Structures are given as structure tokens and as C-alpha cells.
Amino acid sequence: MIPGNDTPISEFLLLGFSDKPELQPILFGLFLSMYLITMMGNLLIILAVSSDSHLHTPMYFFLSNLSLADICITSTTVPKMLLNIQTQSKAITYAGCIIQMYFSLLFAGLNDFLLTVMAYDRFVAICHPLHYLVIMNPQLCGLLLLVSWILSALCSLLQCLMVLRLSFPPDLEIPHFFCDLNQMTQLARSDNFLNNIVIYLATVLLGCGPLAGILYSYYKIVSSIRAISSARRKYKAFSTCASHLSVVSVFYGTSLGMYLSSAGIHSSQSNADASVMYTMVIPMLNPFIYSLRNKNIKGALKRFFVMVVTKGTVILRPKKYLCFLGPKCQNHKL
């Protein structure tokens, strides 16, 4: 890109959270721990769903894809931040900034659409239980996932293309730990009116649209649960939605707080703090929310670890057996 005076932009500076040297090891240890917990927790969810045939259902299919999106959105931002802290460098190339922005928007949008699809899945399961497997067939599940990917990719591509038309001052300092779209738009020295319009339209598509779908699904779910006469069945029906509802509340609560804080005096710091929530904290908490009260996930993880330990024992045992009996083992039936 070539802004005014034909000066090519080579890199930006990510200011991060603090310039104090004594805080850098603490920040590095904290964010590294959160990243490792996020990776381990979401990978365990994916392994549990893929290894247990009892979990090959639409609900857990979308849950495993949500875990994958959480891994990707965290991996888009955190490793670069950890590298900058470790090397005491704040630089990021212009191309790297645009790529980071694209994938962070992509996986944030995918997360949003997946939560909406999961709400629809719970709506069908509770409101139309007898037709659940017919409605939520593999073809529809695959189509819903594909549409979520396409819409997220197109929205993030459009917004990044709009950023490419902007001009920036050389050695631009971004008061954030990654290339955030709002920050980049505000710091541009060219007219960003059209970019703000696109951002607002994308917010309506990625925020208000899915949220309306989630609210409508839960309106129908609550109406169906209220019609159930048995208190035990009511609790059982609602418990299947509790984890998803918790994640939705945290996700949209954080997003709403981030956009409301953007109008404040200290909007840059508030924006960075809110971004930590949806890029690190929420992906880290999702596996705990979905596994602590989910007997199916806990049972699948237990069976998975038992299978791993059993296979390890079976592989190691013949070696000790051969060593103990020597050549006689060749004619011995195991």
C-alpha cells in the first residue's frame, strides 16, 4: 500500500498492555498459561466428540466446531503477542497485520454463527423432539456449518479490503495487542466514513442478526418448557440449554461492553481489555462450561483416557513378556 507522499508502509507497532519491564514476565506467564489451557481444553472436547460414537450427534458436532473456532481465534492473536513480549519487539508487518485482522474477524464471526446454529439445534431438540433426527440430518448440519464459514469469510474479507484503501502514517502505533479493526480504522489518516458504514453494517449482520435468532429460539424453547407438566422433565429440558446459554451470555455481554466502551474517554484500553475476553478468556472457559456439568462429555473423556492407557499397556506388555520368557515366547499363544 502507498499512502500520501508515496511512502510505503513496512510495519506497525503493537503497544500491548504495558511498557514496564518488570510486568513483562508476569504478562508472558499469564497469557501463556491461558493459551495452553485453551488449547488443551478445546482439543480434549474435539477428541472426546470424535472418539466416542455416542457423541456423534448434531449438538456435539457443532460443539466440536465451536472448540475448533476457539482454538483458531486464540492462535491468531496470542502467539504473536507472546513473541513480542519475549523478544521485546512491538513490530508487526503491514501484511501480517492485515492477515491477523482477517483471521481474527473470520473466527469471531464463525463463533457468532455457530452459537446461533447451536441455539437452533436446541430449539429443534426441545420443541420438535420426535422429528429431531429427521430435521437435523447430516446434510442440514453440514450445510449450516458451510454457510457459517462462507458468511464469516465474506464479511471479514470485505472489511479487510476496506482497510486496504486507507492510508496510515509511517511507524503507526496501535494501542492494542493485535491489529483490531476498530483501532485501525480510527488511526487512519484518510477519510474513514465509508469504513465506519461497513463496520456498522457488519455489526448488524454478525451481531444483531444472530442474536435475534438466538433470542427467538429461546423464546420458543421457554414456551415449550412452560407447557411441560412434569417439573423433572422441565429441569431436564432446560439443563440441555444451560451450557449454551452461559456461553451466549458471556460472549454477547463482552461484545456489547466492548462496543459501549468505544465511546468512552479511555476507549483504547477498554477495547483491549474487552478483546482479551473474547480472544482468550471466553475460548478458555468454553470447555469448562460445556464439560463440568455434561455427563456425556465427562464419560467420553474418561473412556478416551482409559482407551489410551489400555493401548499403552497392551503395547508395553508383550515386550516385558518376551524379555521374561525368552525364546519360549515364540510358541506361546498370547
Side-chain angles (χ1 to χ4, degrees), residues 31-82 99-122 136 138-157 178 206 210 213-214 243-248 250-252 254-255 275-292 294 296-298 300-301 304-305 308:
F31 292 132
L32 178 61
S33 301
M34 294 173 65
Y35 180 65
L36 293 178
I37 293 172
T38 300
M39 294 292 290
M40 184 180 300
N42 285 286
L43 282 175
L44 286 176
I45 294 291
I46 295 174
L47 287 173
V49 173
S50 60
S51 64
D52 196 317
S53 59
H54 297 92
L55 300 184
H56 292 174
T57 62
M59 173 183 174
Y60 294 106
F61 169 74
F62 293 123
L63 176 58
S64 61
N65 280 277
L66 180 66
S67 295
L68 178 61
D70 286 337
I71 290 174
C72 292
I73 192 173
T74 305
S75 300
T76 301
T77 57
V78 178
K80 177 59 179 175
M81 179 182 61
L82 294 175
I99 292 173
Q100 187 184 65
M101 185 191 306
Y102 172 79
F103 283 106
S104 63
L105 291 171
L106 168 65
F107 294 117
L110 181 61
N111 217 314
D112 198 4
F113 285 120
L114 284 175
L115 289 176
T116 308
V117 171
M118 293 172 74
Y120 175 73
D121 172 74
R122 292 298 84 204
M136 299 301 295
Q139 291 77 16
L140 179 62
C141 293
L143 179 61
L144 290 173
L145 180 62
L146 179 61
V147 171
S148 299
W149 272 97
I150 292 175
L151 290 178
S152 302
L154 291 178
C155 286
S156 57
L157 178 61
F178 75 100
L206 298 178
I214 292 174
S243 298
H244 176 262
L245 194 58
S246 300
V247 173
V248 168
V250 175
F251 181 83
Y252 278 98
T254 302
S255 301
S275 298
V276 170
M277 288 294 295
Y278 76 83
T279 58
M280 283 185 277
V281 177
I282 294 178
M284 181 181 67
L285 292 179
N286 283 354
F288 295 100
I289 294 174
Y290 276 104
S291 62
L292 289 179
N294 193 311
N296 294 330
I297 291 290
K298 289 190 287 188
L301 287 173
F304 174 77
F305 285 118
V308 171

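Since the structure is predicted, the reported quantities are computational estimates derived from the model, not experimental observations.
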Hey, could you give me the CG/SG distance between Leu110 and Cys155, rounded to the nearest 0.5 Å? 11.5 Å

Smallest heavy-atom separation, Ser152 atom then Gly109 atom, equals OG-C, 3.2 Å

Rounded to the nearest 0.5 Å, what's the gap from CD1 on Ile297 to OH on Tyr60? Could you check? 5.5 Å

Within this structure, what is the OG-CG distance for the pair Ser64 and Leu43, rounded to the nearest 0.5 Å? 12.0 Å

Run through Val117, Leu140, Ile150, Leu114 and flag the one making a side chain to side chain contact (heavy atoms under 4.5 Å, CB included) with Leu145. Leu114

For side chain to side chain contact (heavy atoms under 4.5 Å, CB included), just list the numbers for Ile99 and Tyr102, CA-CA rounded to whole Å, side-chain angles, deciding distance to a tenth of an Å, and then say yes or no. CA-CA 5 Å; Ile99 292 173; Tyr102 172 79; 5.7 Å; no

I'd like to know if the side chain of Thr74 reaches the main chain of Ile71, judged simply by a donor and an acceptor atom lying under 3.5 Å from each other, with no hydrogens or angles considered. no

Can you check whether Val281 reaches Met34 side chain to side chain, under 4.5 Å on heavy atoms? yes

Taking C-beta and beyond as the side chain, do Tyr120 and Pro58 meet within less than 4.5 Å on heavy atoms? no

4.5 Å side-chain heavy-atom contact, Phe107 and Ser75: no

Rounded at 0.5 Å granularity, tell me how far CG in Asn111 sits from OG1 in Thr279. 11.5 Å

Does Met101 offer a backbone N or O that forms a donor-acceptor pair with the side chain of Ser104 under 3.5 Å? yes

Taking side chain to side chain contact (heavy atoms under 4.5 Å, CB included) as the criterion, tell me which of Leu63, Asn286, Leu285 meets it with Val247. Asn286

Can you tell me if Asn42 uses its side chain to pair, donor with acceptor, with the backbone of Pro283 under 3.5 Å? yes

Once rounded to the nearest 0.5 Å, what's the spacing between atom CG of Asp70 and atom CD1 of Ile46? 9.0 Å

Just so I know, are the side chains of Phe62 and His244 near enough to count as touching, which here means a heavy-atom distance under 4.5 Å? no

With a 4.5 Å limit on heavy-atom distance, are the side chains of Tyr290 and Leu66 in contact? yes

Does some side-chain heavy atom of Phe61 sit less than 4.5 Å from a side-chain heavy atom of Leu144? no

Begin from the C-alpha positions of Phe178 and Val78 and carry the test side chain to side chain contact (heavy atoms under 4.5 Å, CB included) through to its verdict. CA-CA 8 Å; Phe178 75 100; Val78 178; over 6 Å; no

If you count every heavy atom of other residues, nucleotides or ligands that lies below 6.0 Å from His56 atom NE2, does the total exceed 12? yes

Of all heavy-atom pairs linking Met284 and Ile37, the shortest is CG-CG2, 3.6 Å

Please list all pairs passing the salt bridge (charged side-chain N to carboxylate O under 4.0 Å, His left out) test where one or both residues lie in residues 42-62, with sequence neighbours left out. Asp52-Arg303

Taking side chain as C-beta onward, heavy atoms only, is Phe31 less than 4.5 Å from Met280? yes

So, taking the atom named CG in Leu301 and the one named CG in Asn296, what distance separates them when rounded to the nearest 0.5 Å? 11.0 Å

Between Ser156 (side chain only) and Leu105 (backbone N and O only), is there a donor and an acceptor less than 3.5 Å apart? no

